[in-house]
Amino acid sequence: MIDNQNQLLIQRREKAQSLADDGVKLFSNDFKHPQHIADILPQAEVLEPETHAPEGVSCRIAGRVMVLRKFGKAAFFQLQDETSRIQIYARLDVLGEEQFGHFKKWDAGDIVGVEGRPFKTKTGEPSIEATRLHMICKSLRPLPEKFHGLTDVETRYRQRYVDLIVNPEVRSTFRKRMEIIRLIRAFLSQRGFLEVETPMLHPIPGGAAAKPFITHHNALDMELYLRIAPELYLKRLLVGGFERVFEINRNFRNEGLSTRHNPEFTMLEFYQAYATYEDMMDCTEEMISSICQQVNGSMQITYQGTPINLAPPWRRLSMTEALSEVAGLDAAVVGDDAAVMELAKRYKVDLQPDSGPSKARTGLFELLVEEKLINPTFITSYPAEISPLARRNEADPSITDRFELFITGREIANSFSELNDPIDQRERFVKQIEERGNDEEIHPEMDEDFVRALEYGMPSAAGEGIGIDRLVMLLTDSPSIRDVILFPHLKAEVK
RNA sequence: GGGGCGUUAACUCAGUCGGUAGAGUAUCUGCCUUUUAAGCAGAGAGUCGCGCGUUCGAGUCGCGCACGCCCCA
């Protein structure tokens with residue numbers, strides 16, 4: 001189907017047809033197991049200009065034709081594979097009339113195989129002089145312009161395959177993303193964490209406060225929810241006796257899109273029995289800083305022009321300390337329930353009629369502190385009322401043993417010592433459901449099975465969630481979450 | 001949900017006061033066996049996002065819609 005019939009597409013089809021008429025296979029599969037360009041490039045690099053590799057030295061590579069400069073009886077083109085690029089020199093007198101004739105109908109974008117001998121041009125460019133050319137896949141659409149490339153962001157996201165072909169820095173970002181995830185797995189595995197898989201389809205959406213996607217199971221005739229968090233299942237595994245578990249997988253939240261939100265996003269959650277949130281802070285510092293060192297070669301990076309230092313130790317502040325030290329509020333006011341309520345009203349913090357001083361502090365924190373936390377900072381002492389799954393602090397039961405990690409003003413991680421008292425847990429669920437009961441989109445429901453699991457006994461433990469997309473944004477200096485998700489969500493394309 | 005900006009050839013972009021739609025790259029033809037944003041000569045290529053309106057006349061002005069980006073909630 002030609003969906004956008006224009007001259008260029010017609011010309012490419014005609015060229016392809018004429019090659020086919022000559023007996024050339026346009027979509028062959030017999031050029032197998034080529035070498036990688038990065039591996040053979042040194043053979044050409046070591047040569048002196050205008051010399052060839054010794055007789056008998058040859059190589060066999062495959063990739064996409066990127067830039068094609070044709071002369072009458074010779075041509076140069078760039079061949080790009082996953083590892084690198086190299087210049088190919090094709091000559092009529094080497095290839096013969098038939099092969100060279102076919103080659104004349106090649107285009108930028110074609111996927112081809114090349115056999116040839118390494119050499120270096122007089123200008124010193126490492127090259128391969130082709131002795132045999134092989135069509136692997138004829139491309140029927142022109143590539144974007146060679147100089148400016150593809151910059152239209154909508155096309156880049158909708159046709160990521162084109163973006164990946166022509167923008168090497170995009171390939172490098174995604175390679176880095178996969179490397180970061182690999183290093184996280186290695187880091188946790190080395191420390192005895194077991195990677196597990198828990199359900200993506202939940203009968204009760206739990207573990208976070210977010211609007212879920214709803215789906216329907218036909219055979220069971222029941223509503224199911226795409227998970228908003230894996231937390232309650234991972235804790236069931238602690239009950240079951242696994243002491244260190246982690247999961248890296250997608251969560252789904254039926255909410256707005258922005259530079260920091262995609263409806264499906266990747267979350268790391270890990271849980272460690274017989275540990276506290278303080279152990280998690282140590283672990284997080286070590287994990288993120290060491291991964292940054294491995295991926296970027298340094299713990300000092302810049303994010304969108306702002307220098308960030310990820311070298312441990314990282315600053316640790318309670319929420320009230322942050323309000324006075326970072327936001328510059330009077331510590332006496334922050335510490336006084338009535339005064340802090342008054343202050344929150346002055347700053348127009350959105351408070352419900354029944355909101356208490358801890359909601360006021362949280363509101364002021366979000367308004368005045370978060371965006372100022374540029375270098376990594378752990379914020380601790382979150383109020384119990386906004387932390388329904390966290391263990392209460394022993395000295396002050398109104399707060400929890402919890403932290404959030406902020407870098408570049410953004411929440412990167414959330415962690416706490418886990419609440420394992422089933423009676424307290426049930427009460428907090430009830431309270432949470434009372435609060436959210438009027439919000440039909442959130443579908444609050446008591447997870448009786450989770451409470452039952454806690455009643456069997458869950459060891460003391462700490463757990464943490466890290467937003468992988470945001471971490472990758474930080475470590476790859478990407479301004480938008482869409483730059484670190486291969487196929488970000490967009491509205492349907494208009495025909 | 002609100003505001004701002006954008007949408008013109010395959011790609012990157014111009015388009016003045018409302019008066020025949022432009023450039024570079026890419027493509028095609030010819031010449032060209034060391035180019036590398038190859039070169040020279042010539043040619044073709046457009047639903048100006050979509051719709052309605054104003055006007056003798058709309059890429060340009062107005063309204064609405066779609067999609068995208070940014071900011072705010």
Side-chain angles (χ1 to χ4, degrees), chain A residues 2-16 18 44 47-52 65-80 85-97 99-101 103-110 116-131 139-163 165-167 211 255-262 304 348-350 363 366-367 371 409 441 478-483 488-495:
Chain A
I2 301 174
D3 61 351
N4 187 13
Q5 189 153 2
N6 68 38
Q7 190 193 12
L8 296 173
L9 298 187
I10 293 165
Q11 278 167 349
R12 287 233 170 180
R13 279 177 158 72
E14 286 171 355
K15 240 197 244 186
S18 101
L47 300 170
E48 291 299 313
E50 273 190 295
T51 60
H52 281 67
V65 176
M66 293 308 290
V67 200
L68 193 47
R69 294 180 286 274
K70 289 178 185 173
F71 304 82
K73 299 187 179 68
F76 289 93
F77 64 90
Q78 292 283 333
L79 190 72
Q80 170 176 295
R85 262 188 192 213
I86 193 169
Q87 174 170 271
I88 311 294
Y89 185 34
R91 303 167 53 122
L92 170 63
D93 56 4
V94 174
L95 290 164
E97 289 285 351
Q99 270 204 85
F100 197 80
F103 166 68
K104 278 187 168 172
K105 290 174 186 154
W106 285 17
D107 292 299
D110 292 348
R117 190 172 161 203
F119 82 110
K120 206 176 232 179
T121 65
K122 68 181 177 193
T123 55
E125 174 88 13
S127 306
I128 302 294
E129 187 174 276
T131 51
S139 165
L140 299 178
R141 283 179 184 266
L143 288 177
E145 198 220 11
K146 63 186 171 193
F147 190 55
H148 297 93
L150 181 66
T151 61
D152 180 83
V153 288
E154 186 174 354
T155 312
R156 287 186 43 225
Y157 297 151
R158 285 195 198 280
Q159 297 178 238
R160 181 70 90 184
Y161 39 90
V162 180
D163 192 26
I165 292 169
V166 301
N167 292 325
K211 295 173 191 168
E255 292 173 355
L257 286 73
S258 80
T259 46
R260 292 184 291 283
H261 299 86
N262 196 59
Q304 302 298 296
K348 299 190 167 57
V349 170
D350 186 26
E366 286 172 7
L367 193 67
E371 64 177 10
E441 288 180 301
S478 299
S480 168
I481 196 169
R482 297 179 192 98
D483 296 321
H489 182 77
L490 296 175
K491 287 197 188 179
E493 194 171 0
V494 271
K495 290 270 161 109

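Every value quoted in this text rests on a predicted model; they were computed, and no experiment measured them. Order of the sequence lines fixes the chain letters, A, B, ..., with proteins taken first and strands second; residue numbering starts at 1 for each chain.
Counting only heavy atoms from C-beta outward, the side chains of A:Gln78 and A:Arg69 approach each other to under 4.5 Å. For the pair A:Leu257/A:Lys491, no side-chain contact is recorded, criterion being any heavy-atom separation below 4.5 Å from C-beta on. You'll find the side chain of A:Val162 reaches within 4.5 Å of the side chain of A:Pro144, heavy atoms only.
Across all strands shown, A:Thr151 has heavy atoms under 4.0 Å from sugar-phosphate atoms exclusively, and none from any base. A:Arg85 comes within contact range of no nucleotide atom at all, as no heavy-atom separation falls under 4.0 Å. Across all strands, A:Val166 comes closer than 4.0 Å to no nucleic acid atom at all (heavy-atom distances). In this structure, A:Asp93 reaches the bases: a heavy-atom distance under 4.0 Å links it to at least one base atom across the strands shown. If you check every strand for non-hydrogen atoms under 4.0 Å, A:Thr259 touches sugar and phosphate atoms only. Here A:Gly149 lies in heavy-atom contact (under 4.0 Å) with sugar-phosphate atoms only. Backbone-only engagement by A:Lys15 is indicated by non-hydrogen atom pairs under 4.0 Å involving sugar-phosphate atoms exclusively. Looking at heavy-atom distances under 4.0 Å, A:Leu490 makes contact with sugar-phosphate atoms alone, never a base.
Each of B:rU34, B:rG68, B:rC32 was ranked by its minimum atom distance to the side chain of A:Arg158; first place goes to B:rG68. Comparing B:rA37, B:rC32, B:rG44 by their closest approach to the side chain of A:Gln7 singles out B:rG44. The side chain of A:Lys122 has B:rU35 as its nearest neighbour among B:rU35, B:rG68, B:rG44. Closest to the side chain of A:Glu154, out of B:rC67, B:rC28, B:rC13, is B:rC67. Here B:rG68 is the nucleotide among B:rC69, B:rG68, B:rG24 with the atom lying nearest to any side-chain atom of A:Lys491. Side-chain proximity of A:Leu150 to B:rC69, B:rC11, B:rU35: nearest is B:rC11. Listed nucleotides B:rC28, B:rU34, B:rA26 differ in distance to A:Leu8; the shortest reach to its side chain belongs to B:rA26. Comparing atom distances between the A:Pro144 side chain and each of B:rU33, B:rC11, B:rC69 picks out B:rC11 as nearest.
Put simply, the residue from A:Gln99, A:Arg91, A:Glu97 that forms a side-chain contact (heavy atoms from CB on, under 4.5 Å) with A:Leu95 is A:Gln99. For the side-chain contact (heavy atoms from CB on, under 4.5 Å) criterion with A:Ile165, the lone passing option out of A:Met66, A:Arg160, A:Gln159 is A:Met66.
Atom P of B:rA37 sits at a distance of 24 Å from the matching atom of B:rG42, rounded to the whole Å. B:rG24 sits 24 Å from B:rG59 when the P atoms are compared, rounded to a whole Å. For the P atom pair drawn from B:rC67 and B:rG53, the interatomic distance equals 23 Å after rounding to whole Å. B:rG39 sits 7 Å from B:rU25 when the P atoms are compared, rounded to a whole Å. Taking atom C1' in both B:rG19 and B:rU55, one finds a spacing of 12 Å when rounded to whole Å. Comparing the same atom, C1', in B:rA45 and in B:rC28 gives a spacing of 10 Å after rounding to whole Å. Taking the P atoms as reference points, B:rC32 lies 28 Å from B:rA23, given to the whole Å. Comparing the P positions of B:rG46 and B:rC71 gives a spacing of 38 Å, expressed to the nearest Å.
Across all strands shown, the partner of B:rG39 is B:rC31, judged by Watson-Crick or G-U wobble contacts whose two distances both fall under 3.5 Å. Pair check for B:rU20 finds none; no Watson-Crick or G-U wobble contact set falls under 3.5 Å. Pair check for B:rU54 finds none; no Watson-Crick or G-U wobble contact set falls under 3.5 Å. Under the Watson-Crick or G-U wobble criterion, with both distances below 3.5 Å, B:rA9 has no partner in any strand shown. Pair check for B:rC65 finds B:rG49; Watson-Crick or G-U wobble, both atom distances under 3.5 Å. Figure legend. B:rG1 is base-paired to B:rC72; pairs are counted as Watson-Crick or G-U wobble with both atom distances under 3.5 Å.
Rounded to whole Å, the distance from CD on A:Glu255 to C1' on B:rA73 is 14 Å. Note: CZ (A:Arg156) to P (B:rU12) measures 11 Å, nearest angstrom. Computed from coordinates, the A:Lys73 NZ to B:rG39 P distance equals 20 Å when rounded to whole Å. Here B:rC11 presents its P atom at 16 Å from CE of A:Met66, a figure rounded to the nearest Å. Rounded to whole Å, atom C1' of B:rU25 lies 14 Å from atom CG of A:Leu68. When rounded to the nearest whole Å, the span between NZ of A:Lys70 and P of B:rU29 equals 9 Å. Summarising the geometry, the separation between CD on A:Glu129 and P on B:rU35 is reported as 15 Å, rounded to the nearest angstrom. Between A:Leu92 atom CG and B:rU34 atom P the separation is 13 Å, expressed in whole Å.
Considering only side-chain N and O atoms, A:Arg69 lies nowhere under 4.0 angstrom from the phosphate OP1 or OP2 of B:rC32. Here A:Asn6 reaches the OP1 or OP2 of B:rA10: one of its side-chain N or O atoms lies under 4.0 Å away.
Donor-acceptor pairing under 3.5 Å is recorded for the side chains of A:Asp483 and A:Tyr157. A donor-acceptor pair shorter than 3.5 Å can be found between the side chains of A:Glu129 and A:His52.
The number of heavy-atom neighbours closer than 6.0 Å to CD of A:Glu371, taken from other residues, nucleotides and ligands shown, is 12 or below.
Not a single donor-acceptor contact under 3.5 angstrom links the side-chain atoms of A:Glu125 to the base of B:rU35.
The aromatic ring of A:Phe71 is not stacked on the base of B:rC32, since the criterion of ring centres less than 5.5 Å apart with planes inclined by under 30° is not met.
Residues A:Val67 and A:Tyr157 each lie close to RNA chain B; by heavy-atom proximity, the contact nearer the 5' end of the strand is made by A:Val67. Along RNA chain B, the nucleotide nearest A:Phe76 and the nucleotide nearest A:Asp107 are compared for position; the residue whose nucleotide lies closer to the 5' end is A:Asp107.
A donor-acceptor pair under 3.5 Å links the side-chain atoms of A:Asn167 to the main chain of A:Leu150, judged by distance alone.
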